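Keep in mind that the numbers below use all heavy atoms, side chains included, and drop hydrogens, waters and symmetry copies. Source: prediction; values computed, not measured.
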Amino acid sequence: QVRLVESGGGLVQAGGSLRLSCAASGDIFSINTKAWYRQAPGRQRELVAEVTNSGSISYADSVKGRFTISRDNTKNTVYLQMNSLKPEDTGVYSCSHRQKLRTYWGPGTQVTVAS
């Protein structure tokens, strides 16, 4: 079992920055993929950024150039640095951890960008 807990969400003005963290605990395997998703009310959940154990990274087109995903395997933690935030970035951000044919989810953290 793997448990994930996000932190770092909050309220910011448009153009501001936030850094989200997601700490994992439990039975962590070395071959895994970590990702950040977000969902706004009335919207479908979307993949924001993803990073594999080997360091391969992908981003949604809407956040390229503004968001940066990174991971620290010694701490079993994945980060999402969010810069130049826009009101449309508002939503609940959740981290995921995929390993051994299973995907684990954190409870999510609210990010609100005021215009």
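- Note that OG1 of T68 is 6.5 Å distant from CG of N83, once rounded to the nearest 0.5 Å.
- In this structure, F29 shares a hydrophobic cluster with no other residue, the cluster being traced through Ile, Leu, Val, Met, Phe, Trp and Tyr side chains under 4.5 angstrom apart.
- One finds a salt bridge joining K64 and D61 here, because a Lys/Arg side-chain nitrogen approaches an Asp/Glu carboxylate oxygen to under 4.0 Å.
- Here the OG1-CG distance, from T90 to L11, works out to 8.5 Å after rounding to the nearest 0.5 Å.
- A donor-acceptor contact shorter than 3.5 Å is absent between the side chain of E46 and the backbone of R38.
- Residue pairs satisfying the side-chain hydrogen bond (donor to acceptor under 3.5 Å, both in side chains) criterion with at least one member in residues 18-33, sequence neighbours excluded, are listed as follows: N32-R71.
- Scanning both residues, Q81 and S17, for their nearest heavy atoms gives NE2-CB, 4.0 Å.
- For D89 against R66, the heavy-atom pair with the smallest separation is OD2-NH1, 2.8 Å.
- Residues I69 and K34 share a closest heavy-atom pair of CD1-O, 4.1 Å.
- Note on L80 and Y104: separate hydrophobic clusters, where clusters join Ile, Leu, Val, Met, Phe, Trp and Tyr whose side-chain heavy atoms are under 4.5 Å apart, directly or indirectly.
- Cluster membership for V51 and V2, using ILVMFWY side-chain heavy atoms within less than 4.5 angstrom, is not shared.
- At a threshold of 4.5 Å between side-chain heavy atoms, the hydrophobic network of Ile, Leu, Val, Met, Phe, Trp and Tyr places Y79 and V48 in two separate groups.
- Taking each heavy atom of E6 and P107 in turn, the nearest pair found is OE1-CD, 3.1 Å.
- Between L47 and A60, the shortest heavy-atom contact is O-CB, 3.4 Å.
- Using a 4.5 Å heavy-atom threshold, the side chains of Y37 and V92 count as separate.
- When side chains are defined from C-beta on, R102 does not count as touching K100, because their heavy atoms never get closer than 4.5 Å.
- Side chains of L85 and F67 form a contact here, defined as non-hydrogen atoms less than 4.5 Å apart.
- Under the side-chain hydrogen bond (donor to acceptor under 3.5 Å, both in side chains) criterion, the residue pairs touching residues 106-115 are Q110-T112, with sequence neighbours excluded.
- Closest of all the heavy-atom pairs between A24 and L4 is CB-CD2, 3.3 Å.
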If you apply the rule side-chain contact (heavy atoms from CB on, under 4.5 Å), what do you find for N53 with Q99, and how did you get there? CA-CA 10 Å; N53 58 279; Q99 67 177 32; over 6 Å; no

